[in-house]
*Asks:* 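One structure, as structure tokens, below. Some questions next.
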Amino acid sequence: MAKPSLPPPLAIEALRTRCDAGEFSFRSSEELEPVPLLIGQERALDALALGADIAAKGFNLFVLGPMGTGRHSAVRALLEERAKNANPPADWVYINNFDDPRRPLAISLPPGGATTLRDRMTALIDDLATEVPALFESDDYRNRRRAIDSEIESAQEATFEELKKKANAESIGIMRTPMGFALAPIKNGQVVKPEVFNALPEDERAAIGEKITRLQKDLEVVLLKMPELEKQRRDKVRALNAEVAEVAIGRSLTEVAADYKDDEAVSRHLESVRRDLIDNIAIFLKAEAEEQETPFAKLETSAARDPRFRRYMVNVMVSNGADGDGPAGAPIIAEDLPTLANLAGRAEHISHMGTLVTDFMLIKSGALHRANGGYLIIDALRLLREPFAWEALKRCLRAEEVKITSVPEEIGIATTVSLEPDPIPLSVKVVLVGERMLYYLLVALEPDFGSLFKIAADFEDEVERNPETAGLYARLIASIAKREGLKPLDPKGMARMVEEASRQAEDSERLTLRIGVMGEILTEADHWAGARGSNRIEAEDVERAVSERIRRSSRIRDRSRDMITRDIVLIDTDGEKAGQINGLSVVTIGKEPFGQPSRITARVRTGSGKVIDIEREVKLGGPLHSKGVLILSGFLSARYALQEPVSLWASLVFEQSYGGVDGDSASSAELYALLSALAEAPIFQGFAVTGSVNQLGEVQAIGGVNAKIEGFFDVCKARGLTGKQGVLIPKSNVKHLMLRDDVVEAAKKKQFSIWPIATIDEGIELLTGLAAGERGPDGRFPDGSINARVEARLIGFAEARRRFGAKMEGDESEEKKET
Amino acid sequence: MNLPRRIVVMLGSEGEAGAALEAAAMLASAIDARLAGLFVEDQELFDLAGLPSMVAGTGGPARLTPERMAQALRDEARTCQRLMAQMAGRAHLSFEFMSARGDRRTLLGEASLKGDLVLCQASLGGPAAAEVAALARHTTTAAAGVALIGPLARLRTGPVVAIDDGDEAGQQTIALAAQLAARQHQKLIVVALAADQKAAEPIIARARTIAGHGADLATRLLPPDDLERLADVLAETEPCCVVGDLEGRPFTDDQAVAQAVRAARAPLILLRRPTM
């Protein structure tokens with residue numbers, strides 16, 4: 001059989017698509033105009049713009065895409081552009097509800113108005129704290145107060161004295177005993193002794209008794225009158241205090257009320273404050289009295305800090321606008337810890353005499369409050385991780401109001417009395433940022449998601465590489481350098497960055513949009529340029545940054561390679577063997593995945609048609625790997641010895657693999673090993689193979705082609721390149737090649753080669769050096785071809801099985817005859 | 001001048017012991033004196049109980065018996081003793097407590113020793129301020145002075161008022177008043193009973209000397225024959241206590257004493273002139 005004509009290895013140009021620095025017209029990247037946002041993200045940016053501009057309910061955004069694509073920066077920049085021209089939203093405050101302190105009232109004020117109102121009320125109380133005690137210390141008040149006391153006390157004394165006189169006139173005295181007041185006959189101001197009394201004539205004793213009985217009634221009337229007089233005193237004092245308070249409070253409050261006469265809610269509140277102050281004016285006097293009792297010097301602190309005056313204060317929840325605490329324009333809030341409390345606010349408690357208490361001043365705003373009227377950016381995964389946060393956000397968006405609840409209230413176990421503040425109307429644009437998988441899971445499984453987050457901004461991973469986009473990319477890199485304060489790049493340095501962008505995209509026709517990684521490389525390149533004493537980043541700096549990154553992550557890779565070169569893990573890179581081939585896999589540990597060869601072996605014999613995947617049998621094989629093995633079984637069954645029952649028993653294994661395998665990228669290698677075993681045609685061990693196969697024998701694209709090639713190259717290089725080594729890759733993966741320079745260099749020197757393979761027949765010819773063979777019109781493969789040898793072997797297995805079956809039947813019938 | 005070393009508080013069945021004990025503790029603390037409580041089981045109450053009497057109390061009328069009276073007085077005495085212990089403890093004062101049955105005048109006279117200050121309280125429905133003043137004045141001839149509490153007095157902060165007519169006894173009046181004012185960090189107001197400013201000058205000068213240069217001192221002028229105004233002055237100044245001369249103007253008259261007690265609404269301390 002004539003040797004097959006083997007396909008040539010790939011041209012050098014195909015191994016790595018260079019970026020020509022000559023295509024750049026700048027001398028330093030400083031000259032390049034920065035890009036305002038991102039490149040290649042038109043779809044996502046248009047969606048962001050639409051979502052930000054639509055005010056209708058439910059048009060919140062989900063920004064999806066992989067990390068490092070600049071999602072957060074793009075969102076921020078776009079929102080800032082819109083927010084700065086927007087009107088700042090209203091301020092919100094909580095005030096005491098004097099009718100029901102458990103239900104604090106919310107008031108909306110113009111931007112900057114919240115802090116003004118708070119300060120006015122603080123100043124008001126401070127003023128009253130000085131004015132009110134002064135009024136109550138005034139001569140006028142004291143005189144009037146003394147007059148009331150004197151009037152009542154005189155009345156009290158006079159009432160008693162009158163009765164005493166009346167009693168004394170009848171020789172009856174009033175005495176105060178521990179049990180109360182008593183009446184007794186007296187003589188010369190002394191109580192008549194019992195023996196003297198008893199010695200009196202009966203009619204005299206009776207007369208005394210009658211007087212006492214009569215005076216007893218008068219005494220009871222007097223005793224009843226005492227509390228009435230005391231009540232009169234209290235009422236008069238209260239009326240006097242109210243009159244005096246009205247003077248002080250009315251004057252101060254009127255000034256404040258005049259500024260809010262057009263605000264109904266504030267006016268109503270000020271009226272409530274006025275009424276409460278008058279009813280409780282004594283708190284100002286108590287505060288003053290306690291200050292006077294201390295021997296320490298009077299400290300000049302605001303009376304508003306006194307707990308007694310808390311209920312007149314104003315709790316500023318949100319303050320917007322240039323006059324307030326917030327920036328001008330609409331707010332943009334990014335909540336990094338989206339717990340229930342951080343999102344929707346909370347009512348804090350303080351410990352007081354062994355119990356927890358709260359009031360409206362302890363209500364704290366959440367991100368929703370602060371973002372009200374603007375934008376709220378949240379990381380989706382963090383949000384979903386926080387208990388009850390997602391439910392709270394949905395509830396607030398649906399109801400268009402922020403209602404403060406606590407975790408015990410959410411799960412229905414709240415037993416302590418807490419606050420029920422007025423909910424605050426909500427108008428906010430929420431932007432969730434997350435991975436794609438999370439978005440699709442939410443769409444599929446969360447019924448409310450679609451109605452609340454109608455806009456998806458899908459960020460691309462990569463952009464097509466062409467001269468135009470390469471230029472844009474250069475501007476993007478230049479923007480990053482400028483923004484991060486890094487050195488500018490020269491054209492070669494920029495070209496190297498563009499090439500790296502393709503390598504990161506694992507596609508020579510694409511540039512990665514994971515600018516996070518590119519930014520890291522650029523930062524490291526900046527460092528190496530500085531270490532060199534250069535004020536520009538050049539190609540060698542970028543190269544060094546890339547190689548250092550790989551080196552930092554290469555400990556496991558190097559250990560793995562050592563185990564091969566030291567023959568602990570058996571991998572042949574020379575010679576030939578039947579039923580054995582080098583497969584390739586990618587190990588993903590840490591930031592830098594790497595490729596490594598694995599020995600795949602196949603063994604065959606007569607059997608019942610089963611191809612055993614040993615990895616699957618011991619549960620080390622994932623479903624995709626199992627699928628690949630079943631596909632190659634299908635290929636065999638459909639191509640060879642179609643008139644015969646499949647009588648093959650085969651086993652396939654990844655030798656010395658103990659950690660589990662998945663994916664079907666080695667299925668072509670497994671098929672080659674199987675064909676080699678069946679045809680008893682040795683495979684050259686200087687080759688490694690990657691590519692999945694379908695039932696038609698077509699070799700299909702796989703991932704990680706660069707890492708796989710480089711993994712085998714490193715092993716061959718460590719042992720010494722022979723010039724006869726290389727890797728077979730799917731033809732459809734050629735466009736993904738962005739190999740390292742040393743691999744390209746070795747290929748240039750013909751020390752290492754890469755072959756593109758489209759079919760199994762092409763591959764087996766290269767691996768064995770024998771023609772695959774095509775079935776002729778007579779239905780037979782050419783003699784000596786791989787396919788003919790495989791078919792002959794399978795037919796042989798079928799015949800052997802038939803013979804074994806006949807023998808079994810014969811043996812059985814003989815046994816029957818004997819019995 | 002020798003300040004009183006012991007304050008004897010007369011307690012009885014009138015209730016309102018708290019106000020009296022509070023005032024006594026305040027005074028004792030200011031002049032570093034001891035406290036002594038004398039609970040008088042007034043014999044008249046037992047006589048009363050022996051008669052067919054009824055008491056009119058907050059629980060309605062109830063019949064009195066000597067046994068009930070004795071028990072009630074014992075309970076009252078225990079209450080007073082506990083209250084005294086509390087007040088003395090708070091003020092870090094040593095105290096003693098006596099309980100005796102008999103006539104108030106006699107018992108008070110026996111209990112008070114030379115140098116004591118006797119404190120008595122008038123009560124609403126009980127002995128009036130004038131009665132108490134007479135009791136204190138004529139019974140306690142050995143005592144250094146008397147302190148009288150009115151029926152509706154409340155302990156309060158305010159200046160110490162000293163009433164001085166310029167005689168020799170005024171020296172101890174001012175000395176005591178100055179000590180009380182200094183200890184309580186209050187102002188000392190000297191009411192000079194003098195016809196005019198010129199006559200008042202020696203009184204004021206003496207007061208300044210006794211009180212010391214750093215004292216917070218104010219003065220008022222009051223003509224000695226315009227004692228109606230004294231009540232106004234006392235009411236207006238709202239003192240924490242008033243100090244005067246038991247045997248000098250205007251307190252030679254028990255009614256005047258009662259009027260001053262009522263107007264000041266604070267303890268009125270009247271010092272007996274020291275015997276040679």
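Residue numbers start from 1 in every chain, and the chains themselves are labelled A, B, ... in the order their sequence lines are given, proteins ahead of strands.
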*Asks:* Once rounded to the nearest 0.5 Å, what's the spacing between atom OG1 of Thr177(A) and atom CD of Glu76(B)?
*Replies:*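 Rounded to the nearest 0.5 Å, the OG1-CD separation comes to 9.5 Å.
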*Asks:* For residues Leu48(B) and Val191(A), report the shortest heavy-atom separation together with the two atoms involved.
*Replies:*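 In terms of heavy atoms, the two residues are closest at N-CG1, 4.0 Å.
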*Asks:* Measure the CD-CE distance between Gln71(B) and Met179(A) for me, rounded to the nearest 0.5 Å.
*Replies:*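 So the gap between those two atoms works out to 10.0 Å.
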*Asks:* Quick one: what part of Glu236(B) sits under 4.5 Å from any heavy atom of chain A, side chain, backbone, both or neither?
*Replies:*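 When you check distances to chain A, atoms from both the backbone and side chain of Glu236(B) fall under 4.5 Å.
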*Asks:* Does a salt bridge link Glu238(B) with Arg146(A), judged by any charged N lying under 4.0 Å from a carboxylate O?
*Replies:*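 The answer is yes: the pair qualifies as a salt bridge.
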*Asks:* List the steps and the verdict of side chain to side chain contact (heavy atoms under 4.5 Å, CB included) for Arg265(B) and Asp149(A).
*Replies:* CA-CA 11 Å; Arg265(B) 300 176 76 212; Asp149(A) 289 338; 3.5 Å; yes
*Asks:* Nearest 0.5 Å, what's the CD1-CG distance between Ile208(A) and Leu51(B)?
*Replies:*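 Nearest 0.5 Å value for the CD1-CG distance: 8.5 Å.
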*Asks:* Rounded to the nearest 0.5 Å, how far does CG of Leu45(B) lie from CZ of Arg176(A)?
*Replies:*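 Output value for this atom pair is 12.0 Å.
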*Asks:* Quick one: pull up CG in Asp232(B) and CG in Asn143(A) and give me the separation to the nearest 0.5 Å.
*Replies:*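 Reported value, rounded in 0.5 Å steps: 9.5 Å.
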*Asks:* So with a 6.0 Å cut-off around NZ of Lys211(A), is the heavy-atom count from everything else above 12?
*Replies:*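 Yes, because the 6.0 Å sphere around NZ of Lys211(A) holds more than 12 heavy atoms from other groups.
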*Asks:* Has the side chain of Ser13(B) got a donor or acceptor atom that lies under 3.5 Å from a matching backbone atom of Pro178(A)?
*Replies:*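 No, Ser13(B) side chain to Pro178(A) backbone: no donor-acceptor pair under 3.5 Å.
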*Asks:* Give a yes or no on whether Glu202(A) atom CD has more than 12 heavy-atom contacts from other residues, nucleotides or ligands under 6.0 Å away.
*Replies:*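 Counting neighbours around CD of Glu202(A), 12 or fewer heavy atoms of other residues, nucleotides or ligands fall under 6.0 Å, so no.
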*Asks:* Could you tell me the separation between the CE atom of Met175(A) and the CG atom of Asp42(B), rounded to the nearest 0.5 Å?
*Replies:*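 Between atom CE of Met175(A) and atom CG of Asp42(B) there are 5.0 Å.
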